[in-house]
Amino acid sequence: MAKIQTPRPIRGTQDMIGETADRFAHVVETFERVRKLYGFRRIELPVFEATAVFSRSLGETTDVVSKEMYSFEDRGGDSLTLRPEFTAGIARAYITEGWQQYAPLKVATHGPLFRYERPQKGRYRQFHQIDAEIIGAAEPLADAELLIFADHLLKELGISEGVTLTLNTLGDAASREAWRAALVAHFDGHRAALSEDSLTRLEKNPMRILDSKDPRDQAVVADAPDIDACLTDEARVFFERVTDGLKAAGVAWQRNARLVRGLDYYRHTAFEFITDRLGAQGTVLGGGRYDGLIETLGGPATPAVGWAAGIERLAMLLDEAPAATLDVVIALEDDTMLAQALTGLAALRGAGLSADSVTSGSPRKRFDKAAKIPARALVSVGSRDGGLYLNIHCDDVALAGRIDALMRVGV
RNA sequence: GCGAUCGUAGCUCAGCUGGUUAGAGCGCUGGUUUGUGGUACCAGAGGUCACGGGUUCGAACCCCGUCGGUCGCCCCA
């Protein structure tokens with residue numbers, strides 16, 4: 001048979017094993033645990049949707065829709081898209097599945113997302129996020145609770161050191177429009193000082209100039225108007241309520257008056273937990289209030305707020321890999337005792353002890369091989385005078401006794 | 001789409017200003033101690049030096065191109 005060339009993995013996808021996979025699983029497990037503490041219900045969603053779900057919600061940012069999404073036609077000629085984010089799909093489900101009946105609805109999910117981008121540190125084409133949303137709650141307490149949840153999660157993961165919550169308000173629709181107009185006027189008056197990239201941003205997405213990395217833009221950005229002057233009284237009060245909630249819960253934060261969202265449906269609270277430990281990808285967890293989104297998708301006007309965080313990025317920030325230590329590892333040193341070893345293995349696992357065995361290769365080498373597998377106890381199974389002979393190496397005397405009893409079941 | 005950088009056993013890497021049959025550790029396979037042993041000792045298998053051209057008496061090493069990885073720019077829902 002002709003040897004074929006093994007297909008390569010797709011650019012930007014990952015195959016995880018060992019420490020990388022353990023870190024990933026630890027993030028997901030911690031998220032699942034903490035999310036229950038806050039009463040967020042687990043939801044499951046399709047990985048692909050009608051392209052309109054995303055193109056409609058993303059709207060004006062044509063680059064994102066046309067160049068960054070994995071879209072394709074299915075056999076029926078419908079345009080489908082691999083989800084590039086969770087929020088639009090959740091909003092669609094909220095409308096089409098009648099989830100209004102549960103409002104206000106606190107939901108959480110996690111899974112793969114897809115964006116057609118050039119991979120770099122902490123950025124992949126198939127990547128994974130955890131996600132939490134509160135839909136149908138207009139009050140600032142919802143924003144605060146989501147932030148308290150996020151802060152708690154980062155602390156549980158042990159990565160809150162070196163990660164700071166940066167917070168801003170985009171105000172209500174009126175405040176946002178006023179600020180946008182003030183920014184355009186400011187930047188338009190300083191065209192000569194701006195970089196080429198920012199000149200095109202001025203046409204397409206002027207608020208983005210605020211987070212330009214080009215040093216030429218820094219001076220112009222520095223004395224750009226803050227939103228504070230543009231805020232309506234209602235918007236100002238809303239933001240105060242959010243920060244009051246954070247204060248009461250003991251969550252530290254920093255104001256970043258330059259933090260923006262490109263999409264029109266964002267209102268009020270916008271936030272990012274950022275770090276300088278991930279190179280150019282500084283955002284660990286981000287979100288905000290998107291009161292306009294569900295209406296954009298043809299649903300009733302519905303207030304909503306949420307956040308998402310990259311699992312890979314969180315996993316990279318974990319100080320040490322979660323231990324993958326077994327309770328017991330067995331070295332079968334005499335093949336005539338195979339059946340007894342298997343019986344013992346089943347008894348150990350039935351009693352809730354994690355266990356694995358080394359039963360292949362040269363019998364005399366199995367002990368050394370087993371000794372290299374991290375475990376609390378190392379058990380060699382051999383024979384003496386035709387009968388079972390056990391040798392248990394374990395610092396924990398009580399555990400050793402338990403293992404000895406379980407390994408002799410049925411003898 | 002653009003830029004920088006890298007590509008040598010399954011893995012992590014050596015390999016001098018270009019000079020014989022390309023090296024180590026780990027892993028894998030086999031053997032040794034007639035042993036209750038904590039990662040031992042010996043041996044073996046495993047390499048189109050990413051791929052394709054070029055320069056040269058001679059290229060893993062120099063030049064060009066292609067592909068791939070990494071990091072950054074753009075973008076960031």
Mind checking the [atom1] distance from [N] to [M]? Whole angstroms is fine.
{"N": "B/A24", "M": "B/C49", "atom1": "C1'", "value": "16 Å"}
{"N": "B/A59", "M": "B/G52", "atom1": "P", "value": "15 Å"}
{"N": "B/G1", "M": "B/A40", "atom1": "P", "value": "49 Å"}
{"N": "B/A22", "M": "B/G69", "atom1": "P", "value": "30 Å"}
{"N": "B/U8", "M": "B/A14", "atom1": "C1'", "value": "10 Å"}
{"N": "B/G65", "M": "B/G27", "atom1": "C1'", "value": "37 Å"}
{"N": "B/G58", "M": "B/G19", "atom1": "P", "value": "15 Å"}
{"N": "B/G44", "M": "B/G68", "atom1": "C1'", "value": "33 Å"}

What does [X] touch in the nucleic acid at a heavy-atom separation under 4.0 angstrom: a base, only the sugar-phosphate, or nothing?
{"X": "A/Phe127", "result": "nothing"}
{"X": "A/Tyr389", "result": "base"}
{"X": "A/Asn391", "result": "base"}

_Qualifying residues under side-chain contact (heavy atoms from CB on, under 4.5 Å), relative to A/Ala91, sequence neighbours excluded_ = A/Leu293, A/Ile294, A/Leu297
*Between A/Arg8 and A/Glu85, name the one whose nearest nucleotide on RNA chain B is closer to the 5' end.*
A/Arg8
_Residue closer to the 5' end of RNA chain B, A/Lys369 versus A/Leu378 (nearest nucleotide)_ = A/Lys369
Side-chain ion pair, [X] and [Y], N-O less than 4.0 Å:
{"X": "A/Glu203", "Y": "A/Arg191", "answer": "yes"}
{"X": "A/Glu196", "Y": "A/Arg216", "answer": "yes"}
{"X": "A/Arg366", "Y": "A/Asp335", "answer": "yes"}
{"X": "A/Arg267", "Y": "A/Asp172", "answer": "no"}
{"X": "A/Arg42", "Y": "A/Glu44", "answer": "yes"}
{"X": "A/Glu320", "Y": "A/Arg23", "answer": "no"}
{"X": "A/Glu49", "Y": "A/Arg92", "answer": "yes"}
{"X": "A/Glu145", "Y": "A/Lys106", "answer": "yes"}
{"X": "A/Asp143", "Y": "A/Arg241", "answer": "no"}

If we count only N and O atoms by modelled type, under 3.5 Å, do the side chains of [X] and [Y] hold a donor and an acceptor together?
{"X": "A/Gln14", "Y": "A/Glu312", "result": "yes"}
{"X": "A/Thr166", "Y": "A/Asn256", "result": "no"}
{"X": "A/Gln254", "Y": "A/Thr164", "result": "no"}

Separation of [X] atom [atom1] from [N] atom [atom2], in whole Å?
{"X": "A/Asp211", "N": "B/C76", "atom1": "CG", "atom2": "P", "value": "8 Å"}
{"X": "A/Arg216", "N": "B/C74", "atom1": "CZ", "atom2": "P", "value": "11 Å"}
{"X": "A/Arg125", "N": "B/G1", "atom1": "CZ", "atom2": "C1'", "value": "12 Å"}
{"X": "A/Leu199", "N": "B/C74", "atom1": "CG", "atom2": "P", "value": "14 Å"}
{"X": "A/Asp214", "N": "B/C75", "atom1": "CG", "atom2": "C1'", "value": "15 Å"}
{"X": "A/Lys204", "N": "B/C74", "atom1": "NZ", "atom2": "P", "value": "12 Å"}
{"X": "A/Glu196", "N": "B/C75", "atom1": "CD", "atom2": "P", "value": "12 Å"}
{"X": "A/Arg376", "N": "B/G38", "atom1": "CZ", "atom2": "C1'", "value": "19 Å"}

*Do the numbers put A/Arg176 on top of the ring of A/Tyr266, so that NZ or CZ is under 6.0 Å from the six-membered ring centre and no more than 45° off the axis?*
no
_Students often mix this up, so state it plainly: with edges at 30° and 60°, are the rings of A/Tyr70 and A/Phe114 parallel, tilted or perpendicular?_
perpendicular
All N/O pairs under 3.5 Å across the protein-nucleotides 2-5 of chain B interface:
none

Donor-acceptor contacts under 3.5 Å from residues 386-397 of chain A side chains, at least two apart:
{"unit_1": "A/Asn391", "atom_1": "ND2", "unit_2": "A/His393", "atom_2": "NE2", "d": "3.2"}
{"unit_1": "A/Asp396", "atom_1": "OD1", "unit_2": "A/Ala398", "atom_2": "N", "d": "3.1"}
{"unit_1": "A/Asp396", "atom_1": "OD1", "unit_2": "A/Leu399", "atom_2": "N", "d": "3.0"}

Verify the contact: side-chain N or O of [X] to OP1 or OP2 of [N], cut-off strictly under 4.0 Å; return yes or no.
{"X": "A/Arg123", "N": "B/U70", "answer": "no"}
{"X": "A/Gln120", "N": "B/C73", "answer": "yes"}
{"X": "A/Asn205", "N": "B/C75", "answer": "no"}
{"X": "A/Lys121", "N": "B/U70", "answer": "no"}

*Where the side chain of A/Arg11 is concerned, which of B/C75, B/G69, B/G37 is the nearest nucleotide?*
B/G69
*With the side chain of A/Pro119 defined as its heavy atoms from C-beta on, choose the nearest nucleotide among B/C75, B/G69, B/U70.*
B/U70
Dump every N/O contact between nucleotides 32-35 of chain B and the protein below 3.5 Å, one line per pair.
{"unit_1": "B/U32", "atom_1": "OP2", "unit_2": "A/Arg364", "atom_2": "NH1", "d": "3.3"}
{"unit_1": "B/G35", "atom_1": "N2", "unit_2": "A/Arg364", "atom_2": "NH2", "d": "2.9"}

*When Watson-Crick pairs (N1 to N3 and N6-O4 or O6-N4) and G-U wobble pairs (N1-O2 and O6-N3) count only below 3.5 Å on both distances, what is the dot-bracket string of RNA chain B, with | for other-strand pairs?*
(((((((..((((.....[...)))).(((((.......))))).....(((((..]....))))))))))))....
*Enumerate the residues from residues 279-317 of chain A whose closest heavy atom to RNA chain B is under 4.0 Å, giving them by residue number; use none for an empty result.*
A/Gly279, A/Ala280, A/Gln281
*Donor/acceptor link under 3.5 angstrom from A/Ser380 side chain onto base of B/G37*: yes
